[in-house]
Amino acid sequence: MPVPETSKDVKAQDDRREMLKLLRETGLPVISIQPVVFLDNLLEGWARPPLVERNTIVYCHQETLDVSWICHHDIAQLMIAAMHHPELAGRNFPVGGPDTVRLPELTEKLSRVWNRPLKYESQSVDDFCEKISEAMKHRAGLDIDVIVRQMRKAYTYYRESDEFNVDMMEVLKLLPVNLTPIEEWAKMRGFPTNV
């Protein structure tokens, strides 16, 4: 998730900003790669069951939100490229994939590649938080109420921001990698077959 320079009173962002500060105070050449949202999330956790069981992409984005979805492979490529450029130390790079789409367009692309009629649901923040709570309830040592409260605050903020839409042109000049289009990612991963 991108980390704004100033606090938006979202603990996850504040914690990341503090981690970056502490790492940079060590003198290490820290370059921060900050992905907006992972395509791979669609195949995991709370998003996987509705996809497998109902052919429905469910995500906590408004239908009109422009999102530069990125896959894990591309994050790895960007991190490896950054390791070869210590002169970029101190920089923060919000990153996204090569395609910026809205939920209906994402669904259309995946439906075409997976050769199946898919639907989408723009999940409410409350429903998203309920699903996260369910997914985490069996993890020992977590204060689920605090996590869910912070997730609610973060996702309410993100639904109203433009931080999911990333122009990668300048990033790719500095960290030249080949990003994976949504359709190519979908072909490589395939449609999940079980929950």
Side-chain angles (χ1 to χ4, degrees), residues 1-4 8-16 33-75 78 92-114 116-136 144 147-168 171 179-192 195:
M1 110 181 21
V3 181
K8 306 295 182 192
D9 196 30
V10 174
K11 186 168 177 17
Q13 293 173 346
D14 293 342
D15 289 348
R16 285 176 175 88
I33 304 295
Q34 303 172 357
V36 290
V37 66
F38 293 118
L39 278 165
D40 306 80
N41 287 354
L42 296 170
L43 304 180
E44 301 298 330
W46 68 93
R48 187 181 182 104
L51 181 59
V52 173
E53 295 167 355
R54 300 186 286 126
N55 288 318
T56 304
I57 294 172
V58 177
Y59 218 78
C60 189
H61 287 167
Q62 295 169 332
E63 291 180 29
T64 57
L65 186 65
D66 292 318
V67 180
S68 304
W69 295 82
I70 190 165
C71 65
H72 290 160
H73 174 77
D74 289 353
I75 294 300
L78 288 162
N92 299 327
F93 293 100
V95 296
D99 304 317
T100 300
V101 297
R102 295 176 176 186
L103 200 50
E105 296 164 310
L106 172 68
T107 304
E108 188 178 295
K109 286 176 180 285
L110 296 177
S111 184
R112 192 169 38 251
V113 172
W114 288 334
R116 62 182 33 207
L118 297 176
K119 302 174 290 216
Y120 67 88
E121 288 177 18
S122 176
Q123 188 177 35
S124 72
V125 174
D126 287 339
D127 185 51
F128 172 74
C129 289
E130 182 181 316
K131 298 292 189 291
I132 288 287
S133 177
E134 278 296 310
M136 297 179 130
I144 302 302
I147 291 170
V148 169
R149 196 167 41 252
Q150 284 298 313
M151 293 292 285
R152 181 172 282 110
K153 190 180 280 189
Y155 274 81
T156 299
Y157 165 77
Y158 282 126
R159 283 176 69 97
E160 299 168 0
S161 81
D162 62 355
E163 294 180 30
F164 284 113
N165 184 353
V166 179
D167 180 355
M168 289 294 290
V171 174
L179 296 175
T180 309
I182 291 168
E183 291 96 334
E184 188 177 322
W185 171 85
K187 285 176 192 169
M188 289 187 304
R189 291 300 303 264
F191 187 80
V195 179

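Computed from a predicted model, the values in this text were never measured in an experiment. Nothing fancy with the numbering, it's 1 onward along the sequence.
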Taking the side chain as every heavy atom from C-beta outward, state whether [X] and [Y] have any pair of such atoms under 4.5 Å apart.
{"X": "E130", "Y": "D126", "value": "no"}
{"X": "E134", "Y": "W46", "value": "no"}
{"X": "I57", "Y": "L103", "value": "yes"}
{"X": "L110", "Y": "L42", "value": "yes"}
{"X": "T107", "Y": "K119", "value": "no"}
{"X": "K131", "Y": "Q123", "value": "yes"}
{"X": "R54", "Y": "E121", "value": "yes"}
{"X": "V101", "Y": "I182", "value": "yes"}

**Request:** Look at the aromatic rings of Y59 and W69 and report parallel, tilted or perpendicular, splitting at 30° and 60°.
**Result:** perpendicular
**Request:** May I ask you to decide if the ring planes of F191 and W114 are parallel, tilted or perpendicular, using 30° and 60° as cut-offs?
**Result:** perpendicular
**Item:** Full working for side-chain contact (heavy atoms from CB on, under 4.5 Å) between F93 and Q34
**Value:** CA-CA 6 Å; F93 293 100; Q34 303 172 357; over 6 Å; no
Does [X] reach the main-chain N or O of [Y] with its side chain, forming a donor-acceptor pair under 3.5 Å?
{"X": "E53", "Y": "P50", "result": "no"}
{"X": "S68", "Y": "V166", "result": "yes"}
{"X": "R102", "Y": "T64", "result": "yes"}
{"X": "D40", "Y": "C71", "result": "no"}
{"X": "S133", "Y": "C129", "result": "no"}
{"X": "R48", "Y": "L43", "result": "yes"}

**Item:** Point-to-point distance, once rounded to the nearest 0.5 Å, from CD of E184 to NE2 of H73
**Value:** 8.5 Å
**Request:** Measure the spacing between CD of E44 and CG of L51 and express it to the nearest 0.5 Å.
**Result:** 11.0 Å
**Asked** Looking at residues at least two apart in the chain, or sitting in another chain, which of them share a side chain to side chain contact (heavy atoms under 4.5 Å, CB included) with R112?
**Response** E108, K109, E183
**Message:** Can you confirm whether K187 is buried at NZ, in the sense that more than 12 heavy atoms of other residues, nucleotides or ligands lie under 6.0 Å from that atom?
**Reply:** no
**Passing option when L39 is tested against I70, L106, T180 for side chain to side chain contact (heavy atoms under 4.5 Å, CB included)** = L106
**Stepwise side-chain contact (heavy atoms from CB on, under 4.5 Å) test for L118 and R116** = CA-CA 6 Å; L118 297 176; R116 62 182 33 207; 3.8 Å; yes
**Message:** Test side-chain contact (heavy atoms from CB on, under 4.5 Å) on F128 and R152; report intermediate values, then the result.
**Reply:** CA-CA 8 Å; F128 172 74; R152 181 172 282 110; over 6 Å; no
**Item:** Which atom of S111 lies closest to which atom of P117, heavy atoms considered
**Value:** OG-CA, 3.6 Å
**Prompt:** Can you list the steps and then say if M168 with L179 is a side-chain contact (heavy atoms from CB on, under 4.5 Å)?
**Reply:** CA-CA 10 Å; M168 289 294 290; L179 296 175; 4.0 Å; yes
**Request:** Consider only side-chain N and O atoms of D66 and T100, and report whether a donor and an acceptor are under 3.5 Å apart.
**Result:** no
